[in-house]
Student: 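Below is the structure I would like to discuss, written out as structure tokens.
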Amino acid sequence: VPDATFLALKPMEIIFPGHDLTSWRRGDLRSAAKQISVDKYVSHDLQHLAPRVVQLVENFQMDLSMVNSMLAELNTSDAYSVVACRWLQSNTQTWQAWLPKASECLPRFGVYHPQSGFLSAPSGDVTNDLECR
């Protein structure tokens, strides 16, 4: 869980030489720690069950500066949910880029317009209301 404890101290990134297992076993920790992978895990059949959720998870990108800005706001004693809501309201362009396009359909789905019904090739006058079904 991200923590704001040391954020006010303005930590700096330190780049160590690559991990040296032999040195670490001797107690010499002057090389980098063993690398860990930060992965996104989902159900093995999520692509079948919820393909648009998979697209959202694949598109999700949040860098350290975004996390740090939210952590800094936690020092205002606001609840996590309030800080998250404020971030969402202030960064609409960022999180909207994570969302799958409503009119880009996946296999087995068709482009649909509520007034016109299913369309094979959308015309320019109905593109605002297109969705996949």
Side-chain angles (χ1 to χ4, degrees):
V1 175
D3 186 339
T5 303
F6 300 108
L7 195 59
L9 298 175
K10 300 189 186 309
M12 295 173 40
E13 181 179 13
I14 298 173
I15 301 174
F16 288 93
H19 179 69
D20 183 341
L21 179 61
T22 306
S23 295
W24 272 66
R25 286 182 175 160
R26 288 191 321 255
D28 179 352
L29 307 180
R30 292 180 289 172
S31 65
K34 184 178 173 184
Q35 289 187 353
I36 60 168
S37 177
V38 179
D39 300 316
K40 301 170 192 169
Y41 291 98
V42 296
S43 169
H44 73 282
D45 59 349
L46 189 61
Q47 179 67 43
H48 175 71
L49 297 172
R52 294 178 63 74
V53 171
V54 171
Q55 285 182 316
L56 171 66
V57 171
E58 288 174 348
N59 293 340
F60 178 82
Q61 296 280 328
M62 184 171 279
D63 62 28
L64 187 58
S65 65
M66 291 179 195
V67 173
N68 284 343
S69 71
M70 284 189 277
L71 287 173
E73 289 196 41
L74 287 174
N75 290 331
T76 63
S77 73
D78 287 339
Y80 282 45
S81 59
V82 172
V83 171
C85 184
R86 197 166 38 237
W87 186 88
L88 288 169
Q89 291 171 339
S90 300
N91 294 278
T92 307
Q93 190 172 9
T94 299
W95 62 261
Q96 281 185 342
W98 303 337
L99 301 175
K101 305 282 185 269
S103 61
E104 290 180 8
C105 296
L106 299 165
R108 301 183 329 268
F109 293 89
V111 179
Y112 179 81
H113 186 271
Q115 294 170 345
S116 310
F118 282 97
L119 307 170
S120 58
S123 61
D125 60 335
V126 294
T127 55
N128 291 340
D129 297 326
L130 294 179
E131 58 188 62
C132 293
R133 288 193 178 181

Student: Does atom CD of Gln93 have more than 12 heavy-atom neighbours, drawn from other residues, nucleotides or ligands, at distances under 6.0 Å?
Tutor: no
Student: At their closest point, which heavy atom of Ser31 faces which heavy atom of Gly18, and how far apart are they?
Tutor: CB-O, 3.1 Å
Student: First locate atom CG of Leu71, then atom CE of Met66, and finally report the distance between them rounded to the nearest 0.5 Å.
Tutor: 13.5 Å
Student: Looking at side-chain heavy atoms only, is the closest gap between Trp95 and Trp87 below 4.5 Å?
Tutor: yes
Student: Heavy-atom distance under 4.5 Å between the side chains of Thr94 and Gln61, does that happen here?
Tutor: no
Student: To the nearest 0.5 angstrom, please state how far the CZ atom of Arg25 sits from the CG atom of Asp20.
Tutor: 10.5 Å
Student: Same hydrophobic cluster for Leu49 and Val57, using side-chain heavy-atom links shorter than 4.5 Å among ILVMFWY?
Tutor: no
Student: What's the verdict on salt bridge (Lys or Arg N to Asp or Glu O under 4.0 Å) for Arg86 and Asp78, showing C-alpha distance, side-chain angles and the deciding distance?
Tutor: CA-CA 10 Å; Arg86 197 166 38 237; Asp78 287 339; 2.7 Å; yes
Student: At their closest point, which heavy atom of Leu7 faces which heavy atom of Pro11, and how far apart are they?
Tutor: O-CD, 3.9 Å
Student: Considering only heavy atoms from C-beta outward, does the side chain of Asn59 approach that of Leu99 to under 4.5 Å?
Tutor: no
Student: Could you walk me through whether Trp24 and His19 pass the side-chain contact (heavy atoms from CB on, under 4.5 Å) test, one step at a time?
Tutor: CA-CA 8 Å; Trp24 272 66; His19 179 69; 3.7 Å; yes
Student: Under the side-chain contact (heavy atoms from CB on, under 4.5 Å) rule, what do Leu46 and Val53 come out as? Steps first, then yes or no, please.
Tutor: CA-CA 8 Å; Leu46 189 61; Val53 171; 4.1 Å; yes
Student: Quick one: OG on Ser81 to CG on Leu88, what's the gap to the nearest 0.5 Å?
Tutor: 11.0 Å
Student: What is the minimum heavy-atom distance between Leu56 and Pro100, and which atoms define it?
Tutor: N-CG, 4.2 Å
Student: Just wondering, do Met70 and Met62 contact through their side chains at under 4.5 Å, heavy atoms?
Tutor: yes
